[in-house]
Amino acid sequence: MSRVSVPCHVKGTVALQVGDVRTSQGRPGVLVIDVTFPSVAPFELQEIMFKNYYTAFLTIRVRQHTSTHTPAKWVTCLRDFCLMPDPHSEEGAQEYVSLFKHQMLCDMAQVLELRLILRQPSPLWLSFTVEELQIFQQGPKSPSMTFPKWLSHPVPCEQPTPLLEGLPDPSRVSSEVQQMWALTEMIRASHTSTRIGRFDVDGCYDLNLLSYT
C-alpha cells in the first residue's frame with residue numbers, strides 16, 4: 001500500500017512537573033506534544049513514525065472531525081505503549097518506532113490533531129522526548145489496468161494438422177526393422193570366414209593350375 005507524508009506542525013513540549021517544584025528533587029516526568037495539520041483537510045492516518053529519545057511510555061490522543069453540527073472530540077487511540085522495556089536501562093531508548101493504523105484503539109479517519117503524551121518514571125535520565133516525527137496517510141490508489149477485449153477473450157487457436165498423418169504406423173515399422181535386423185544377423189553368422197587362396201606360389205604362377213581354370 002502506498003503512503004504519502006502529511007505536512008504537520010509540531011508544537012513545543014509542555015512539561016508536567018512531578019515532585020516538589022521548589023526543590024531540585026522535582027523533575028518533569030510527563031511531556032505533552034501537540035501536532036496540528038493547518039494545511040491539510042481531515043485525513044485518515046495510516047502510520048506514525050519517530051525516533052525515541054528515552055521515553056518509556058507513550059499515549060496518543062486524536063481529535064477527529066465528526067460533523068458540521070457537532071464539535072470535534074478527543075479520543076484516546078493508544079494507551080501507555082511501552083517504548084523501553086525497563087525505564088532504568090537504555091534498551092529501546094533511541095530506537096526508531098513505527099505505529100500503524102491497525103494498532104490503534106479507534107478508527108483513525110477524519111484526523112484533525114494529535115496529542116502525544118510521553119512518560120518517563122525513571123530519575124536516571126535528565127531529558128526525554130521523541131524526534132524526527134512523521135505522519136503518513138494513504139496515497140492515491142493505482143489506476144486499474146484495463147485489457148483489450150481480444151486479450152480478455154482470446155480466440156481459441158486452430159488445432160494444427162497432425163504431423164504423422166499419411167505416414168506408416170510406427171509400431172509396424174519398428175517390428176519390420178527388428179525382423180530385418182534379425183535376418184541380417186543370421187546371414188552374417190552363417191557366412192564362411194575361410195579365405196580363398198591365390199593361384200600364385202612363392203610369387204610365381206603354376207601353369208598347371210592356370211590351365212584348370
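Looking at V32 and L116, their side chains never come closer than 4.5 Å, going by heavy atoms from C-beta outward. The shortest side-chain heavy-atom distance between L45 and L114 falls under the 4.5 Å cut-off. Using a 4.5 Å cut-off on side-chain heavy atoms (C-beta onward), Q64 and W74 make no contact. Side-chain contact check for L58 versus F50: some heavy-atom pair is nearer than 4.5 Å. In this structure the side chain of W125 reaches within 4.5 angstrom of the side chain of M84, judged on heavy atoms. Within the 4.5 Å cutoff, the side chain of Y53 has no heavy atoms near those of the Q120 side chain. Proximity of C8 to Q134: side-chain heavy atoms (C-beta onward) are nowhere separated by under 4.5 Å.
Residues satisfying the salt bridge (Lys or Arg N to Asp or Glu O under 4.0 Å) test with D34, not counting sequence neighbours, are R115. A search for ring pair (Phe, Tyr, Trp, His ring centres under 6.0 Å) contacts involving F57 returns nothing, not counting sequence neighbours. Residues forming a side chain to side chain donor-acceptor pair (under 3.5 Å) with S39 (at least two apart in sequence, or on another chain): none. Qualifying side chain to side chain donor-acceptor pair (under 3.5 Å) partners for S5, counting only residues two or more places apart in sequence or in other chains: none. The side-chain contact (heavy atoms from CB on, under 4.5 Å) check on E91 picks up P85, S89, with sequence neighbours excluded. With sequence neighbours left out, T13 forms a side chain to side chain donor-acceptor pair (under 3.5 Å) with no residue at all. The side-chain contact (heavy atoms from CB on, under 4.5 Å) check on T36 picks up H9, K11, P38, E113, with sequence neighbours excluded. The side-chain contact (heavy atoms from CB on, under 4.5 Å) check on V40 picks up V6, P7, F37, F43, with sequence neighbours excluded. Partners of E131 according to the side chain to side chain donor-acceptor pair (under 3.5 Å) rule, which considers only residues two or more places apart in sequence or in another chain, do not exist here.
When hydrophobic clusters are built by joining Ile, Leu, Val, Met, Phe, Trp and Tyr residues whose side-chain heavy atoms come closer than 4.5 Å, directly or via intermediates, V35 is not grouped with M49. Side-chain heavy atoms closer than 4.5 Å link hydrophobic residues (I, L, V, M, F, W, Y) into clusters, and following such links, even through other members, never connects V4 to V111. Hydrophobic clustering places V10 together with V62 (ILVMFWY residues linked when any side-chain heavy atoms are closer than 4.5 Å, directly or through intermediates). Note on L78 and V75: same hydrophobic cluster, where clusters join Ile, Leu, Val, Met, Phe, Trp and Tyr whose side-chain heavy atoms are under 4.5 Å apart, directly or indirectly. Cluster membership for L118 and V97, using ILVMFWY side-chain heavy atoms within less than 4.5 angstrom, is shared.
Nearest heavy-atom pair, L124 versus H88, reported as atom, atom and distance to 0.1 Å: CD1-O, 3.3 Å. In terms of heavy atoms, L83 sits closest to N52 at CB-ND2, 3.7 Å.
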Using a 3.5 Å cut-off and no angle test, enumerate the donor-acceptor pairs between side-chain atoms of residues 99-109 and protein atoms at least two apart in sequence or in another chain.
| unit_1 | atom_1 | unit_2 | atom_2 | d |
| --- | --- | --- | --- | --- |
| K101 | NZ | E44 | OE2 | 2.8 |
| Q103 | OE1 | F100 | N | 2.9 |

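Separation of atoms CZ (F128) and OG (S122) is listed at 10.5 Å; rounding is to 0.5 Å. If you take OG1 on T55 and CD1 on I117, they are separated by 12.5 Å, rounding to the nearest 0.5 Å. To the nearest 0.5 Å, atom CD1 of residue I135 and atom CD of residue Q46 are 12.0 Å apart.
Looking at T66, its side chain never comes within 3.5 Å of a backbone N or O of A72 through a donor-acceptor pair.
Contacts classified as salt bridge (Lys or Arg N to Asp or Glu O under 4.0 Å) and involving residues 79-89 (residues at least two apart or in different chains) are given here: D80-R119. For residues 50-59, no residue pair satisfies the salt bridge (Lys or Arg N to Asp or Glu O under 4.0 Å) rule, not counting sequence neighbours.
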Problem - Steps toward side chain to side chain contact (heavy atoms under 4.5 Å, CB included) verdict (L133, I48) - result: CA-CA 7 Å; L133 180 65; I48 301 173; 3.8 Å; yes
Practice task
For L31 and L16, run side chain to side chain contact (heavy atoms under 4.5 Å, CB included): C-alpha distance rounded to whole Å, both residues' side-chain angles, the deciding distance at 0.1 Å, then the answer.
Solution key: CA-CA 6 Å; L31 296 180; L16 302 181; over 6 Å; no
